[in-house]
Amino acid sequence: MSQDKPAPRLAWTEVRDMIRARMAAGQYKSGDKLPRDADIAAELGCTRTTVHRAMNALASTGLVERVRKGGTHVKADPITRATLDIPITRLEVLAQGRAYTHRVILAKTVASPPEVMARFGIKAARLMLHLQALHLADQQPYIWENRWIDLETCPEVLGLDWTQNSANEWLVRHKAYSRVELRFGAVAAPHDIAPHMNVAQGAPLLHIERATWQGDDPITFVQSFAPQGYHICAQSQPV
């Protein structure tokens, strides 16, 4: 006599989606305290570990807040987070059907300046490679890049030919980061950058600052300047 097979246990992504659907339907409202992980696990017939992972995923997207010994609450003011990949500029240009080139303006080893130390949160100066480069699309300025690379974290960059490799592409392909900070803003073109971008001094440019770390170790800090018409795309997706 055949026996029915037990139903497969839910995956953490299914539990996450169930909790999110309950929030969307108003079953769990803004500020509500959610049932304990163990109670949800018993209700859904899954492990407590599965619920724990699902709840952590919801917390990482800003929908719930988890407090040790305080339980899990639906955030009163949930934050919507979006993913923003660090693009490889060469591929970005080629995807537009344009020809890509880049020029290295400066490449020298220096002690990290105070403003770079401040962005990395380090108190002692570190030896860094300072690079300035211009990325071009169809021979027109596309992005001006002012970059510092930490030589303790990335010693191999000293042996690279920067006329053949862009630091942007090499770092994206070879140096995984565990933390990134981004800042965006509009600035007036500085006097030393305006000629490279073929704009008048004071013309509006998009300014992007990005710092990356490997654990607590700095990888790179870059200031990028882009002309009018440059676009950045972010997308929101389930964790």
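Just so we're clear, the structure is a prediction, and the values are computed from it rather than from any experiment.
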Determine the sole option in Gln132, Arg119, Glu209, Glu115 for which the side chain to side chain contact (heavy atoms under 4.5 Å, CB included) test with Gln223 is passed.
Glu209

CA sep, side-chain torsions, deciding dist, call: Met55, Ile40, side chain to side chain contact (heavy atoms under 4.5 Å, CB included):
CA-CA 11 Å; Met55 287 297 188; Ile40 294 176; 3.3 Å; yes

With a 4.5 Å limit on heavy-atom distance, are the side chains of Ile105 and Trp144 in contact?
yes

Does a side chain donor of either Arg90 or Tyr100 reach within less than 3.5 Å of an acceptor in the other side chain?
no

Step by step, work out the side chain to side chain contact (heavy atoms under 4.5 Å, CB included) result for His102 and Tyr142.
CA-CA 9 Å; His102 93 287; Tyr142 188 73; over 6 Å; no

Could you tell me if Thr220 and Arg147 have a donor-acceptor pair between their side chains, going purely by distance under 3.5 Å?
yes

Exam field: side chain Asn168 to backbone Pro87, donor-acceptor pair closer than 3.5 Å:
yes

With Leu91 as reference, evaluate Ile88, Val93, Thr89 under the side chain to side chain contact (heavy atoms under 4.5 Å, CB included) test and give the passing residue.
Ile88

Treat each ILVMFWY residue as a node, draw an edge where side-chain heavy atoms are under 4.5 Å apart, and state whether Met18 and Val74 are in one component.
yes

Measure up the Phe225 and His207 rings against each other and bin them: parallel (under 30°), tilted (30 to 60°), perpendicular (over 60°).
parallel

Quick one: which of Arg126, Lys175, Gln214 gives a side-chain hydrogen bond (donor to acceptor under 3.5 Å, both in side chains) with Asp150?
Arg126

Under 4.5 Å between side-chain heavy atoms, hopping through other hydrophobics if needed: is there a path connecting Val222 to Leu182?
no

Measure up the Trp148 and His130 rings against each other and bin them: parallel (under 30°), tilted (30 to 60°), perpendicular (over 60°).
parallel

Taking Thr153 for its side chain and Pro218 for its backbone only, find out whether a donor-acceptor pair lies under 3.5 Å.
yes

Using salt bridge (charged side-chain N to carboxylate O under 4.0 Å, His left out) as the criterion, list what pairs up with Arg53, not counting sequence neighbours.
none

